[in-house]
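A quick write-up on the structure given underneath.
The model shown is predicted, which means the values in this text are computed figures rather than measured ones. As a basis for the values below, the full set of heavy atoms in this structure was taken, side chains included, without hydrogen atoms, waters or symmetry mates.
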Number of protein chains: 2
Amino acid sequence: MSIPFSEDELIARLFAPIAGPGGLALKDDAALIQPPPGHDLVATTDAIIASVHFFPDDPPESVARKALRVNLSDLAAKGADPLGFLLTLALPPDLPGDWLERFAAALGDDARAYGIDLVGGDTVRTPGPAMISVTALGQVPSGRMVSRAGAKPGDILFVSGTIGDAALGLKARLGGGSLAGLSGNARAALAARYLEPQPRNALARAMRDCANGGMDVSDGFVGDVTKMLAASGASGRIDLREVPLSVAAREAIRFDPTLFETAVTGGDDYELLASIAADRAADFEAMALAAGVPVTRVGAVLPGAVAPTFLGLDGAQTIFTRGSFSHF
Amino acid sequence: MSIPFSEDELIARLFAPIAGPGGLALKDDAALIQPPPGHDLVATTDAIIASVHFFPDDPPESVARKALRVNLSDLAAKGADPLGFLLTLALPPDLPGDWLERFAAALGDDARAYGIDLVGGDTVRTPGPAMISVTALGQVPSGRMVSRAGAKPGDILFVSGTIGDAALGLKARLGGGSLAGLSGNARAALAARYLEPQPRNALARAMRDCANGGMDVSDGFVGDVTKMLAASGASGRIDLREVPLSVAAREAIRFDPTLFETAVTGGDDYELLASIAADRAADFEAMALAAGVPVTRVGAVLPGAVAPTFLGLDGAQTIFTRGSFSHF
């Protein structure tokens with residue numbers, strides 16, 4: 001627009017109205033966080049940058065939702081309920097006219113929807129691309145945070161929702177030739193998953209009540225499973241035929257079977273991976289059902305500090321050339 | 001260097017060794033924060049960007065210290081003791097060879113020196129300038145956070161240390177003509193204050209025990225005093241002849257008396273402003289003395305929701321054309 005007001009005016013006009021009580025109307029240098037007695041605090045931070053993590057012409061509403069939700073997904077994976085977040089905006093001088101107004105309005109709506117309060121932040125000018133960095137704080141009953149390192153041999157591995165939609169959505173958007181014939185419905189469904197993550201905060205309680213280990217799937221299913229098992233000092237056996245795929249993803253893979261690998265190694269799923277003791281698996285499934293989030297058994301945790309085995313569509317062991325997508 | 005390893009390798013090699021226990025060796029998606037019972041958590045975030053907040057050729061050690069210390073200063077102003085911090089790095093591909101190693105080593109040393117643990121973060125690639133964003137978490141006994149809005153008529157206004165050095169240091173560095181004749185010592189002293197803030201965390205306890213209101217002076221003394229009084233719904237009378245100046249700043253102002261205005265309106269001081277009830281002023285001074293931090297009485301808080309009065313060097317009321325420096 002070039003930004004038409006000072007940092008103070010910008011905060012007062014756009015962000016103070018969406019701030020929560022701990023944000024002190026964003027008029028202080030710091031936020032006050034009061035986790036209830038008997039709770040630990042969980043903190044996570046993720047940043048997104050124009051032309052790296054989103055397209056510069058993505059709607060500002062979608063950018064706001066992505067910036068917040070990638071962090072909400074980490075809280076959910078840890079079994080934490082959202083508490084508050086700090087927002088750092090680095091803004092270039094050439095933002096379109098109403099970009100910030102639309103961004104702030106959507107962010108406020110999303111914060112309300114997920115029950116997380118904007119409590120502070122920083123706004124700086126940059127000569128580079130727009131960057132939105134969120135630090136999200138959540139709460140868990142003391143000692144109950146779900147660790148990435150907690151998977152135990154004998155556990156059953158679960159994943160929520162469906163895998164691969166976002167990676168296929170990005171591919172369709174970039175105009176991958178093999179997806180040219182995809183139906184409009186399938187294309188829209190996949191594109192939406194790339195544009196706006198749907199974090200599984202509804203599953204947080206089931207995670208903290210049932211999971212020995214967990215993380216969110218954000219850098220690719222195969223790579224993230226491998227990471228969790230390595231962090232846990234365990235191995236595993238994952239049957240990729242069990243990985244849940246959406247109708248749209250199955251349509252895309254019918255067009256081009258090589259896209260199956262894209263689906264299970266691509267990023268931006270923002271589903272949850274959970275390692276659940278066998279005698280807790282039924283409870284986890286029941287709690288997930290009650291929370292309205294589908295969960296699927298995809299494998300087992302095995303003893304041994306060796307890389308897990310992945311069984312491909314033909315039932316044979318599969319080696320991945322690229323286990324995970326790294327944004328860096 | 002162009003960065004020679006993946007995000008995971010970078011974290012494992014450079015940042016995990018400097019992480020605190022809550023950081024779970026930076027192998028998880030989130031940090032665990034356990035404020036002691038009876039304490040509130042204070043959260044603040046500040047970002048610095050190359051060629052906006054620091055010079056691209058500043059030593060990486062200084063960039064690390066500035067990134068952390070601007071946040072430590074906010075914690076000190078709130079009366080909070082450092083607990084942990086999350087670090088977001090947006091890095092361009094053309095960083096010099098050992099930049100990150102030097103940055104991480106200095107950051108680790110500084111974190112130890114100030115007693116704050118690296119507990120998490122995010123590392124992303126950017127086509128733009130380097131950006132370092134820190135979210136710092138501190139702890140304060142419940143209900144004792146010092147608010148910017150807490151100044152009360154009848155309070156005495158204090159400021160720590162000396163004001164203006166950093167703004168004059170920036171001016172000297174940019175080669176302001178009037179500072180060409182400054183002695184090498186004075187130039188070095190001022191430049192050092194711009195390059196590396198010296199946050200007043202030693203004063204945190206005195207702040208929470210004695211101050212009704214407080215903030216750090218980061219955007220210019222005159223503007224920040226005005227902001228604090230406005231947030232408190234109060235007015236005030238500040239005698240700028242009482243504002244503490246360093247030997248080097250006084251030397252610069254002798255060269256060019258107009259630099260006095262630069263000193264009291266420039267930014268990057270990272271001193272503390274405290275509003276202290278008259279019957280607590282002596283205690284505050286005694287605690288500051290014990291903490292080794294000079295504090296100076298500079299004015300008084302008055303009733304009324306009008307802008308405060310500043311008395312200039314001639315004892316007459318001064319109007320500032322630019323009360324404060326805004327980075328935005």
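- Screening residues 136-145 of chain B for side-chain hydrogen bond (donor to acceptor under 3.5 Å, both in side chains) gives R144(B)-D209(B) as the qualifying pairs, with residues at least two apart or on separate chains.
- Scanning for side chain to side chain contact (heavy atoms under 4.5 Å, CB included) contacts around P129(B) gives T126(A), P127(A), I49(B), A50(B), with sequence neighbours left out.
- Put simply, of G128(A), A231(A), A43(A), the one with the most heavy-atom pairs under 4.5 Å next to chain B is A43(A).
- Between chain B and the options T88(A), D216(A), I48(A), heavy-atom pairs under 4.5 Å are most frequent for T88(A).
- When heavy atoms are compared at a cutoff of 4.5 Å, N71(B) does not approach chain A at all.
- Considering only heavy-atom pairs separated by less than 4.5 Å from chain A, the leading option among S73(B), G121(B), A136(B), A230(B) is G121(B).
- If you take CG on L41(A) and CG on L32(B), they are separated by 8.5 Å, rounding to the nearest 0.5 Å.
- Between V52(B) and R125(A), the shortest heavy-atom contact is CG2-O, 3.6 Å.
- In this structure, the side chain of D28(B) does not engage the main chain of S147(A) through any donor-acceptor pair within 3.5 Å.
- Pairing each heavy atom of A47(A) with each of V124(B), the nearest pair is O-CG1, 4.0 Å.
- In this structure, the separation between CG on D122(B) and CG on D46(A) is 4.5 Å, given to the nearest 0.5 Å.
- At a heavy-atom separation below 4.5 angstrom, chain A is approached by D74(B), K78(B), L86(B) within residues 74-86 of chain B.
- Counting only residues at least two apart or in different chains, salt bridge (Lys or Arg N to Asp or Glu O under 4.0 Å) contacts with residues 31-43 of chain A are absent.
- Using a 4.5 Å cut-off between heavy atoms, M131(A) touches chain B through its side chain atoms alone.
- Rounding to the nearest 0.5 angstrom, the gap separating the OG1 atom in T45(A) from the CG atom in L87(B) is 9.0 Å.
- We find the CD-CE distance between Q34(B) and M145(A) to be 9.5 Å, quoted to the nearest 0.5 Å.
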